[in-house]
Structure formats: C-alpha cells, structure tokens
Amino acid sequence: MVQESDVFNLLQDLDVNKSPGPDGLHPKALKELAQTITKPWTKIFNLSLSTGKVPDVWNDIDRSMILTALSHLVLVSSLMIQSSIGRLVIRMMPHYCKKTWIYVIFLVSDLANVFNADKCKVLHFGLKNFSNGYNMNGSILSDVTFEKDLGVVNITGDLKPSRQCAAAAAKANRMLGLIKRNFSSFSKEIVLNLYKQLVRPHLDYAAQAWSPFHEKDKFLLEQVQRRASHLIPEVKHLPYHVRLTHLGLTTLELRRIREDMLQMYKFLSERNPLSSCNYLKVQSNSRVRGHCKKLVKCFARLDIRKFSFSHKSC
C-alpha cells in the first residue's frame with residue numbers, strides 16, 4: 001500500500017526548476033499544494049493498486065512521453081508479469097524523476113497497446129530457480145541468459161561481471177586498434193589524450209555496478225591500458241607500473257576504488273539523488289569513536305554480495 005508520507009515526500013522533493021509534466025502542471029504548483037493533494041492522491045493510488053484499474057483521465061495522457069521517460073529511470077526490480085490477470089506492475093526508483101514516477105507506477109489492463117510481447121524477455125536468477133515459463137497476452141516470452149541494462153551493462157543470470165568485463169575490454173580494444181591504424185605519430189601527449197577520451201571511458205562507465213572481483217577479469221581490463229601505454233616509444237621498454245608513473249596514470253583497479261570512495265561520500269553527504277537508506281546502514285550506536293557516519297558491514301555468504309558496492313565500500 002502507498003503511504004501518505006511517501007507521496008508527500010515525493011512532492012516535496014520535486015525540482016521546481018523542471019518543466020511541467022504530461023499533465024501540464026508545474027512542479028512548483030504541486031510542491032506548494034503538497035499538503036492539500038497528498039491525501040486524495042494516496043487514495044487514488046491505493047484504489048488503482050487494489051482494483052487493477054487506473055482513472056480514465058490517465059488514458060488520455062500521451063503514452064509516448066511516459067515510455068520515453070522510462071529510459072531515464074533506474075529499474076529497481078524486473079518487470080513482474082502476472083499472466084493470469086494480464087497486469088503489469090512497473091516498480092522503479094522514484095529519485096531520478098519523481099514527477100514521472102507518479103504517472104508511471106500504474107497497472108495497465110491492456111498490455112498489447114503499450115508493450116510488444118515479442119520484444120519482452122525473461123531472465124532467470126539463482127541456482128535454484130525453476131525457470132518457469134511466462135506469457136503475456138497469450139504470447140510466450142522467450143528466455144535469455146543475459147540482458148543489457150541502460151543499453152550497456154550486461155546482466156547475466158549468475159550476476160557475475162565477467163561478461164560485462166569482456167564486452168568493455170572488447171570495445172576498448174577495438175577503439176585502441178582504430179587509433180593505432182589511423183595515427184602515425186604516437187607521442188606521449190597524443191596517445192594520452194586519445195586514450196583518456198576514446199578508450200578509458202569504455203572501461204570506467206558505471207564501474208560501480210559491475211566492478212570485477214575475479215583476477216582474470218581485472219587482468220583483462222588492465223591489459224587494455226597496458227597495450228595503450230605500450231604505444232608510446234619512449235616508455236615502451238619500461239615495466240608496466242613504471243610506465244604508469246612516467247605517464248601520470250594509475251591502475252584501473254585504483255581508479256575503481258577511488259570512484260567507489262567518491263560515490264560513498266556522495267551517499268553519506270546526501271549529494272546523490274539515490275537514497276542511501278536503501279543501500280547503507282549507519283551505525284545506530286552513538287558510543288562509537290570518530291564520526292557519526294560509521295557504517296554497518298553485514299555478513300555476506302556469496303561473493304556477489306561480498307563484492308557489491310554497498311558492502312565492499314563499508
């Protein structure tokens with residue numbers, strides 16, 4: 001059930017500098033009227049969740065605008081399809097686009113008008129998963145072993161980052177080969193600028209979500225930077241770590257650790273649009289030494305959890 005406090009907090013967090021949404025209402029007006037509209041909106045949401053229907057006026061909203069907004073939101077969980085009822089619950093994180101979240105968390109009775117069943121896939125997680133089949137409006141959804149999130153990050157059934165590391169290294173190596181074929185001069189300045197702007201972004205993008213913990217994956221990514229530094233004639237005869245010192249670079253593993261620390265600082269200082277309470281648990285005991293932002297590191301049995309961002313950064 002949706003609580004009034006949740007709706008009120010979302011309305012209070014609206015950015016008044018943003019443009020109006022599909023309803024044409026300005027965020028500033030919604031924020032100022034939060035106390036007045038919180039109660040009726042909560043009743044509408046709970047009624048929609050209990051009956052599986054939405055107000056008729058919502059059907060008049062341009063659905064293309066809603067579907068476009070979906071690409072800018074981070075999904076918390078997979079799409080949960082209830083084939084027996086023919087309903088779809090879209091659960092997503094409301095902190096990126098809070099106003100759109102109000103319109104997107106709804107139940108659609110007729111999926112054929114919104115989603116193409118031929119483009120929907122099922123990805124099974126867990127070793128003990130029974131891999132049951134699912135269907136949408138009579139169409140059987142095909143099973144896949146991996147799927148791309150945000151168009152880039154490869155998510156597999158075992159949740160290990162090996163496939164993503166291989167894909168990132170392949171893209172970076174292709175770009176490195178393109179540089180090697182099309183440039184005749186490999187001075188320090190030229191190679192560093194090309195590497196930082198064209199190659200390294202493929203190895204760093206969203207690394208907090210897929211940071212490797214297997215040595216073979218770390219070596220695969222580091223090998224790309226090793227090849228790039230070897231292009232410079234004046235340092236190619238030096239050992240790898242000495243080359244990095246001369247070029248003013250660090251290993252990719254150190255860069256990932258640094259980015260983890262920066263993200264953790266943003267979480268604890270509330271400079272990240274995501275809510276830290278969903279990922280981090282602050283020490284409630286006030287008698288700890290030092291600062292008041294000490295985190296609780298819970299027990300982790302699996303490597304997936306042990307090397308996740310929220311656990312390894314504690």
Side-chain angles (χ1 to χ4, degrees), residues 70-76 78 93 96 121 123-125 144-183 186 190-232 235-236 240-241 243-244 247-264 266-267 272-274 279 302-313:
L70 283 173
S71 61
H72 301 289
L73 296 172
V74 178
L75 295 180
V76 174
S78 303
M93 196 164 294
Y96 275 37
K121 306 290 190 298
L123 178 62
H124 300 282
F125 296 95
V144 294
T145 57
F146 75 97
E147 189 60 41
K148 286 186 176 182
D149 187 19
L150 302 178
V152 178
V153 182
N154 289 275
I155 307 298
T156 59
D158 56 6
L159 294 178
K160 293 182 179 180
S162 298
R163 190 182 187 95
Q164 171 60 25
C165 292
K171 288 182 180 179
N173 278 321
R174 285 196 296 268
M175 189 59 64
L176 197 60
L178 179 67
I179 294 172
K180 190 174 181 180
R181 291 192 302 270
N182 291 276
F183 284 84
F186 296 102
I190 293 178
V191 173
L192 282 179
N193 287 331
L194 291 174
Y195 170 72
K196 291 179 180 179
Q197 297 183 30
L198 301 178
V199 180
R200 195 167 65 182
H202 293 291
L203 306 174
D204 287 344
Y205 177 75
Q208 286 71 48
W210 56 270
S211 182
F213 51 86
H214 292 305
E215 290 298 326
K216 64 181 182 67
D217 296 330
K218 295 180 182 179
F219 178 79
L220 184 64
L221 297 177
E222 205 69 43
Q223 191 69 13
V224 179
Q225 184 167 263
R226 193 186 303 269
R227 286 186 58 202
S229 63
H230 198 264
L231 292 176
I232 304 175
V235 298
K236 63 183 301 182
Y240 175 57
H241 289 280
R243 290 203 301 267
L244 294 183
L247 299 176
L249 299 174
T250 61
T251 62
L252 295 176
E253 185 173 6
L254 286 179
R255 282 182 59 84
R256 290 191 293 269
I257 294 175
R258 175 180 176 272
E259 289 300 323
D260 289 344
M261 295 173 65
L262 290 176
Q263 288 296 331
M264 182 60 68
K266 291 179 182 179
F267 271 119
N272 195 305
L274 301 179
Y279 309 96
L302 300 176
D303 288 343
I304 301 296
R305 172 60 176 154
K306 186 184 301 182
F307 294 101
S308 62
F309 169 76
S310 59
H311 195 272
K312 69 181 179 181
S313 301

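Note that the structure is a prediction, hence the values are computed from the model and not measured.
- Taking CZ from Arg227 and CG from Leu176, the interatomic distance works out to 5.0 Å, rounded to the nearest 0.5 Å.
- The closest side-chain heavy-atom distance from Ile232 to Phe186 is not below 4.5 Å.
- Here the shortest heavy-atom pairing between Leu194 and Ile179 reads CD1-CG2, 3.6 Å.
- Looking at every heavy atom in both residues, Ala172 comes nearest to Leu203 through CB-CD2, 3.7 Å.
- In terms of heavy atoms, Thr156 sits closest to Asp158 at OG1-OD1, 2.5 Å.
- One finds the CG atom of Leu244 at 8.5 Å from the CZ atom of Arg226 (value rounded to the nearest 0.5 Å).
- In the model, Arg243 has a side-chain atom that pairs as donor or acceptor with a side-chain atom of Ser229 under 3.5 Å.
- Atom-to-atom distance recorded for Ile155:CD1 and Gln164:CD is 7.5 Å, nearest 0.5 angstrom.
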**Report entry** side chain to side chain contact (heavy atoms under 4.5 Å, CB included) assessment of Arg255 paired with Arg200
**Finding:** CA-CA 11 Å; Arg255 282 182 59 84; Arg200 195 167 65 182; 3.5 Å; yes

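- Taking all atoms of both residues into account, the shortest heavy-atom contact from Leu123 to Gly157 is CD1-N, 4.1 Å.
- Shown here for Ala228 and Val191, the closest heavy-atom pair between the two residues is O-CG1, 3.7 Å.
- Smallest separation of non-hydrogen atoms from Thr250 and Gln225: O-NE2, 3.1 Å.
- Applying the side-chain hydrogen bond (donor to acceptor under 3.5 Å, both in side chains) test to residues at least two apart or on different chains, the pairs with a partner in residues 206-219 are Ser162-Lys216, Ser162-Asp217, Ser211-Lys312, Lys218-Glu253.
- Distance check, rounded to the nearest 0.5 Å: CZ of Arg305 to CG of Leu159 gives 12.5 Å.
- In this structure, CG on Asn193 lies 9.5 Å from CG on Leu198, to the nearest 0.5 angstrom.
- Residues meeting the side-chain contact (heavy atoms from CB on, under 4.5 Å) test with Lys236, sequence neighbours left out: His230.
- For the pair Lys196/Leu249, a side-chain contact is recorded, criterion being any heavy-atom separation below 4.5 Å from C-beta on.
- The distance from atom CG of Asn173 to atom CG of Leu220, rounded to the nearest 0.5 Å, is 7.5 Å.
- Ring geometry for Phe307 against Phe213 counts as parallel: the plane angle stays under 30°, on a 0 to 90° scale with 60° as the upper cut.
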